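Worksheet: one structure, shown below.
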Amino acid sequence: MAGPVDLAAEKFHTLLVEERTDRVVVLLNRPEVRNAIDQQMVDELHVVCAALEQDPKVLIIAGVDGVFASGADIAQLRERRRDDALQGINSTIFVRIAKLPMPVIAALDGYCLGGGAELAYAADFRIGTSSVRIGNPETGLGILAAAGASWRLKELVGEPVAKQVLLAGKVLTAEEALAVNLITEIHDAPELMDAAHSLADRITRQDPLAVRITKSVFHAPAEAHPIIDQLAQGILFESEAKFDRMQQFLDRKNDKKTGKNDGGSAATAGTTAGAESGEQNR
């Protein structure tokens with residue numbers, strides 16, 4: 001069994017990696033080629049994934065110098081042959097990223113093309129700036145988008161838009177991507193990482209085990225439901241966090257009724273109302 005991965009002790013050449021107590025921030029760092037994804041970057045992303053599989057945390061992925069990733073490294077891609085394709089070099093790492101225990105946030109700026117777009121599609125959340133340009137120009141290079149776009153993009157935006165991107169080479173602007181929910185927020189470039197951390201903050205305020213299990217159930221095949229939901233809920237019903245968090249909710253509700261929480265914020269009231277609504281629908 002492999003030992004724990006210490007990201008602080010690793011030497012990265014194509015990534016800038018920052019590890020915090022509840023999240024890891026990865027910046028794609030090949031500015032000389034607009035952060036194109038090469039074999040070394042793939043290898044280093046595998047190291048990050050190994051660490052997050054052992055110690056689950058939220059992952060934020062972004063790029064340096066106003067670019068997410070311009071795609072795979074064309075110089076390397078040109079030399080790849082059939083056996084390289086069968087190895088699934090990029091698709092394997094993107095599947096691994098998609099399956100990470102905790103959510104993945106892609107913070108997009110500038111070019112997000114080809115393999116860069118497919119990396120973004122593998123994330124659970126995508127936010128961006130107004131300068132984002134996202135698409136898959138692979139057919140123009142005589143290949144197909146084989147690292148996830150051919151099936152993930154249809155799930156994300158629907159068949160008509162996916163065909164525009166994959167078959168007609170359409171590159172979506174930030175506004176177009178927002179309109180089809182491929183990205184969910186647009187921010188000014190200087191605020192992009194703050195927005196990514198704000199989203200990570202919201203995620204980490206949830207119970208980590210509940211988030212992990214919910215992500216797994218969300219991505220389960222249709223035939224696994226509803227039994228997988230019931231089994232997962234059975235696990236969570238026995239967790240200490242469930243008892244603690246529900247008791248805290250009940251205590252806040254009681255305090256509100258008795259007037260002890262008159263100074264509570266509107267946000268707390270909204271959270272309480274949402275929890276009450278959710279509980280009524282159980």
Side-chain angles (χ1 to χ4, degrees), residues 7 10-19 23-49 51-52 59-80 89-98 100 104-138 140-141 143 145-149 152-153 165 169 171-174 177 182-183 186-197 200:
L7 290 178
E10 295 287 338
K11 291 184 178 180
F12 296 100
H13 301 283
T14 68
L15 306 176
L16 298 176
V17 178
E18 177 193 359
E19 184 172 17
R23 71 198 66 176
V24 170
V25 181
V26 169
L27 301 183
L28 310 180
N29 185 36
R30 298 186 71 217
E32 70 281 1
V33 288
R34 293 178 174 174
N35 301 330
I37 300 170
D38 68 350
Q39 182 65 60
Q40 186 173 14
M41 183 180 287
V42 168
D43 293 342
E44 292 181 4
L45 286 170
H46 275 296
V47 173
V48 173
C49 286
L52 292 174
L59 173 62
I60 298 174
I61 304 178
V64 301
D65 285 12
V67 174
F68 183 69
S70 60
D73 190 305
I74 301 300
Q76 287 189 9
L77 201 58
R78 183 186 180 279
E79 300 307 315
R80 290 181 185 172
I89 295 170
N90 284 3
S91 61
T92 300
I93 184 59
F94 297 162
V95 166
R96 192 173 186 183
I97 288 170
L100 285 172
V104 178
I105 301 167
L108 313 177
D109 193 10
Y111 291 115
C112 182
L113 301 173
E118 291 179 298
L119 172 56
Y121 303 157
D124 298 289
F125 300 90
R126 285 162 297 280
I127 63 175
T129 69
S130 60
S131 66
V132 164
R133 299 294 180 267
I134 185 166
N136 292 94
E138 281 87 346
L141 296 170
I143 59 174
R152 279 200 185 98
L153 188 58
V165 173
V171 175
L172 302 176
T173 65
L182 186 55
I183 61 175
I186 295 178
H187 299 274
D188 292 335
E191 282 78 52
L192 179 63
M193 292 306 294
D194 286 343
H197 282 291

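Positions are given from 1 along the sequence. Basis for what follows: all heavy atoms, side chains included, without hydrogens, waters or symmetry-related copies. In this text the structure is predicted, and so the values were computed from the model without any measurement.
The closest side-chain heavy-atom distance from Leu172 to Arg133 is not below 4.5 Å. A 4.5 Å side-chain heavy-atom check between Ile97 and Cys49 finds at least one atom pair inside the cut-off. Using a 4.5 Å heavy-atom threshold, the side chains of Arg96 and Leu45 count as separate. Using a 4.5 Å heavy-atom cutoff, the side chains of Phe12 and Val26 are not in contact. When side chains are defined from C-beta on, His46 counts as touching Thr92, because their heavy atoms get closer than 4.5 Å.
Here the straight-line distance linking atom CG of Leu192 with atom CG of Leu108 works out to 7.5 Å at 0.5 Å rounding. A distance of 11.5 Å separates CD in Glu191 from CD1 in Ile127, rounded to the nearest 0.5 Å. Between atom OH of residue Tyr121 and atom CG of residue Asn136 there is a gap of 4.0 Å, rounded to the nearest 0.5 Å. Interatomic distance, Phe94 CZ to Ile89 CD1, rounded to the nearest 0.5 Å: 11.0 Å. For the atom pair CG (Leu182) and SG (Cys112), the distance works out to 8.0 Å, reported to the nearest 0.5 Å. Here CD of Gln39 is found 10.5 Å from CD1 of Ile93. Values are rounded to the nearest 0.5 Å.
Taking both residues in full, the closest heavy atoms of Ala147 and Arg152 are given as O-NH1, 3.9 Å, listed atom of the first, atom of the second, then distance. The shortest heavy-atom contact between Ala117 and Ile134 is CB-CG1, 4.0 Å. Summarising the geometry of Gly115 relative to Glu138, their closest heavy-atom pair is N-OE2, 3.9 Å, with the distance given to 0.1 Å. Across all their heavy atoms, Asp109 and Ser131 have their closest contact at OD1-OG, 2.8 Å. When all heavy atoms of Asp65 and Pro31 are compared, the closest pair comes out as OD2-CB, 3.4 Å.
In terms of modelled atom types and a separation under 3.5 Å, the side chain of Glu118 and the main chain of Gly148 share a donor-acceptor contact. Checking side-chain atoms of Asn29 against main-chain N and O of Val64 turns up no donor-acceptor pair under 3.5 Å. Using a distance-only test at 3.5 Å, with no hydrogens or angles considered, no donor-acceptor pair links the side chain of Ser130 to the main chain of Ile186. Formation of a donor-acceptor pair under 3.5 Å by the Asn35 side chain with backbone atoms of Val67 is found in this model. Side chain of Arg126 to backbone of Ala106: no donor-acceptor contact under 3.5 angstrom is found.
Among Thr129, Ile61, Leu113, the one residue that satisfies the side-chain contact (heavy atoms from CB on, under 4.5 Å) test with Phe68 is Ile61.
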>> Let's go through Val25 and His197 carefully: what are the C-alpha distance in whole Å and the side-chain angles of both, what is the deciding distance for side chain to side chain contact (heavy atoms under 4.5 Å, CB included) to 0.1 Å, and is it a yes or a no?
In response: CA-CA 9 Å; Val25 181; His197 282 291; 3.6 Å; yes
> Given Leu28 and Leu15, is the side chain to side chain contact (heavy atoms under 4.5 Å, CB included) satisfied, shown in steps?
Replying inline: CA-CA 5 Å; Leu28 310 180; Leu15 306 176; 3.8 Å; yes
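Counted by atom type alone, Thr14 and Gln40 present zero donor-acceptor pairs between their side chains at under 3.5 Å.
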